[in-house]
Amino acid sequence: MVLLPRNVFAQVQRRAFSASAANAYKVAVLGAAGGIGQPLSLLLKLNQKVTDLALYDLRGAPGVAADVSHVPTNSTVAGYLPDNGGLEKTLTGAEVVLIPAGVPRKPGMTRDDLFNTNASIVRDLAKAAAEFAPKAFILVIANPVNSTVPIVAEVYKSKGVYDPKRLFGVTTLDVLRASRFISEVKGTDPNQEPVTVVGGHSGVTIVPLLSQSNHPEISGETLDALVHRIQFGGDEVVKAKDGAGSATLSMAQAAARFADSLLSSISGTPVTEPTFVDSPLFKDEGIDFFSSQVTLGPSGAEQIHPLGKLNEYEEKLIEAAKVDLKKNIAKGVKFVAENP
Ligand SMILES: NC(=O)C1=CN([C@@H]2O[C@H](COP(=O)(O)OP(=O)(O)OC[C@H]3O[C@@H](n4cnc5c(N)ncnc54)[C@H](O)[C@@H]3O)[C@@H](O)[C@H]2O)C=CC1
Ligand SMILES: O=C([O-])CC(=O)C(=O)O
């Protein structure tokens, strides 16, 4: 099953009529005062399944919390700083934890260039989550996702609380971009253009499976350009923001959508969409994490789907993706081994 991109306003309306006591979750955002964290917090405030929103940042989270708390939906909102046990209070009782904390790129940088700064941020937040919310679903946004997700896994393993079904790298923005960009090529409605995007979340590790889309006929230079745009869509935003960061608004929408899919799924309405998870697909090649279509359910990543039929062009993209992914994953694992 392929999930159609959905319009967030339609979602909000639909939820207003479907919320019930069973759909009541505490959701925590770590890095809530940042470029992604703020609009993400707003979108989560609008989600009727979120009844308790806990916002944490090194600075600014109480202000963001006070601001979004005035949005008239039925959730409580609290903002915390590191003092007075703020991280513990944020995490305790949380069912879902989103991690956008970390520095964004500037022009000329790759996502891997963020590793030195973000690896320790994610490691430390993962340690806290392992202690205060060991059963929560963890949604990692901080880059480089290909390495930060393995970092969380290693921290959880070291604490004896790792459940691979509960850890997700958020790759939804690649999926949204693919729908949008293919619709621009074809002059169609992006909401009707589902595209499966697999692999990882950086450059050539992002692999759109256009042969499985509505437009398997796209070929030649049009195909090359479209694939390149999906793989390097993040660079367009980094360049346009000219030193002021990377995608924040579209990313907030992507993360809010993935969080909603997960909340729907744990509430009993399973959703299938691509996400970067501990995956059996290429483990025999030493690649422990891979993004593919995943059916979500009460226990998290319940079914990891194979890639399906690929054409020769896509087989080559997958081979290239695997080379980088393997290195990115190993880098995260090594970091935690050397810097526990
Ligand atoms: N997965 C994806 O598709 C995407 C990922 N990203 C990544 O998301 C991350 C955040 O991006 P932005 O929000 O634009 O950055 P930002 O700099 O605007 O915000 C980051 C926030 O994290 C906070 N922070 C830093 N260390 C922290 C810690 N130890 N605990 C709590 N909060 C902490 C900062 O105070 C700041 O408010 C970056 O690493 C970026 O590369 C960005 C776009 C898409
Ligand atoms: O490009 C970046 O650095 C941020 C990101 O991950 C994206 O926009 O896909």
Side-chain angles (χ1 to χ4, degrees), residues 28-41 54-65 79-83 86-88 90-91 97-129 138-149 151-152 168-178 180-181 197 199-203 205-206 208 229-241 243-259 274-276 291 328:
V29 181
L30 312 184
I36 295 168
Q38 292 202 35
L40 175 57
S41 299
L55 307 181
Y56 174 80
D57 202 300
L58 299 180
R59 59 192 74 83
V64 177
Y80 299 100
L81 298 171
D83 56 358
L87 191 48
E88 177 175 353
T90 304
L91 289 165
V97 177
L98 293 114
I99 309 184
V103 293
R105 284 198 285 164
K106 291 192 187 317
M109 293 172 80
T110 65
R111 290 180 184 80
D112 188 53
D113 292 334
L114 301 172
F115 185 94
N116 288 343
T117 313
N118 289 353
S120 55
I121 293 174
V122 172
R123 176 202 58 199
D124 293 347
L125 293 173
K127 281 185 191 172
I138 308 290
L139 280 50
V140 183
I141 297 166
N143 272 314
V145 167
N146 296 353
S147 303
T148 50
V149 170
I151 285 173
V152 175
F168 305 91
V170 182
T171 57
T172 318
L173 183 53
D174 303 318
V175 177
L176 300 191
R177 284 185 179 133
R180 174 67 202 182
F181 298 164
V197 184
H201 178 66
S202 73
T205 71
I206 298 168
R229 193 170 180 214
I230 294 165
Q231 291 186 320
F232 295 92
D235 296 32
E236 282 183 22
V237 185
V238 170
K239 191 163 171 244
K241 290 199 174 179
S246 55
T248 55
L249 304 173
S250 50
M251 181 60 227
Q253 154 62 4
R257 175 181 130 158
F258 186 74
T275 172
F276 186 69
S291 177
N328 297 158

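In this text, all values refer to a predicted model and were calculated from it rather than measured experimentally. Both ligands and their constituent atoms are indexed starting at 1 by order of listing.
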Where is the nearest protein heavy atom to atom 7 (C) of ligand 2: which residue, which atom, and how far?
-> R111 NH2, 3.3 Å
Out of curiosity, is A247 lining ligand 1, as in a heavy atom under 4.0 Å away?
-> yes
So the atoms of ligand 2 within less than 4.0 Å of a heavy atom of A247 turn out to be 8 (O)
Which residue and non-hydrogen atom of the protein lie closest to atom 5 (C) of ligand 1, and at what distance in Å?
-> I141 O, 3.0 Å
For ligand 1, is there an N or O atom under 3.5 Å from any N or O atom of M251?
-> no
Gap between atom CE of M251 and atom CZ of R177 - 0.5 Å precision | 9.0 Å
Side chain proximity check, D112 to S202, heavy atoms < 4.5 angstrom = no
among protein heavy atoms, the one nearest atom 35 (O) of ligand 1 is D57 OD1, 2.6 Å
Can you list the steps and then say if Q253 with L176 is a side chain to side chain contact (heavy atoms under 4.5 Å, CB included)?
-> CA-CA 9 Å; Q253 154 62 4; L176 300 191; 4.0 Å; yes
Point-to-point distance, once rounded to the nearest 0.5 Å, from CG of L87 to NZ of K127 | 12.5 Å
Non-hydrogen atom of N143 closer than 4.0 Å to ligand 2 = yes
Answer side chain, backbone, both or neither: which part of V145 comes under 4.0 Å from ligand 1, heavy atoms only.
-> side chain
Could you tell me the separation between the CG atom of L125 and the CG atom of L91, rounded to the nearest 0.5 Å?
-> 8.0 Å
Within reach of ligand 2, part of M251 (heavy-atom separation under 4.0 Å) = neither
Find all atoms of ligand 2 within a distance of less than 4.0 Å from any non-hydrogen atom belonging to G234, and give their numbers and elements.
-> 1 (O), 7 (C), 8 (O)
Closest protein heavy atom to atom 29 (N) of ligand 1, given as residue, atom name and distance to 0.1 Å = I121 CG2, 3.6 Å
Taking all non-hydrogen atoms of both residues into account, name the closest pair between P39 and G35 and its distance.
-> CD-O, 3.0 Å
How far is atom 8 (O) of ligand 1 from its nearest protein heavy atom, and which residue and atom is that?
-> I36 CD1, 3.3 Å
Can you tell me which residue and heavy atom of the protein come closest to atom 14 (O) of ligand 1, and the distance to 0.1 Å?
-> T248 CG2, 3.4 Å
Residue, atom name and distance, where the atom is the protein heavy atom closest to atom 8 (O) of ligand 2 | R177 NH2, 2.7 Å
Looking only at protein heavy atoms, which one is nearest to atom 1 (O) of ligand 2, and how far off is it?
-> R105 NH2, 2.6 Å
Please state which protein non-hydrogen atom is closest to atom 16 (P) of ligand 1 and give its distance, to 0.1 Å?
-> G35 N, 3.8 Å
Nearest protein heavy-atom contact for atom 17 (O) of ligand 1: which residue, which atom, what distance?
-> P104 CD, 3.5 Å
Identity and distance of the protein heavy atom lying nearest atom 7 (C) of ligand 1 | N143 ND2, 3.5 Å
Could you list which atoms of ligand 1 come closer than 4.0 Å to a heavy atom of R59?
-> 35 (O)
Looking at ligand 1, does D124 have a heavy atom less than 4.0 Å from it?
-> no
Inter-residue atom distance L249.CG - Q38.CD, 0.5 Å rounding = 10.5 Å
Any donor-acceptor N/O pair, T172 side chain to A255 backbone, under 3.5 Å | no
At what distance, to the nearest 0.5 angstrom, does CG of D174 lie from CD1 of I230?
-> 9.0 Å
side-chain contact (heavy atoms from CB on, under 4.5 Å) with S41: of L55, D57, L98, only one passes, and it is L55
Give the numbers and elements of all ligand 1 atoms closer than 4.0 Å to a heavy atom of N118.
-> 39 (O)
Under 4.0 Å, heavy atoms only, figure out whether ligand 1 is touched by the backbone of H201, its side chain, both or neither.
-> side chain
Considering only heavy atoms of L114, which atoms of ligand 1 have at least one such atom less than 4.0 Å away?
-> 41 (O)
Considering distance alone, does some N or O of Y56 sit under 3.5 Å from an N or O of ligand 1?
-> no
Under 4.0 Å from ligand 2, counting heavy atoms only, is it the side chain of L173, its backbone, both or neither?
-> side chain
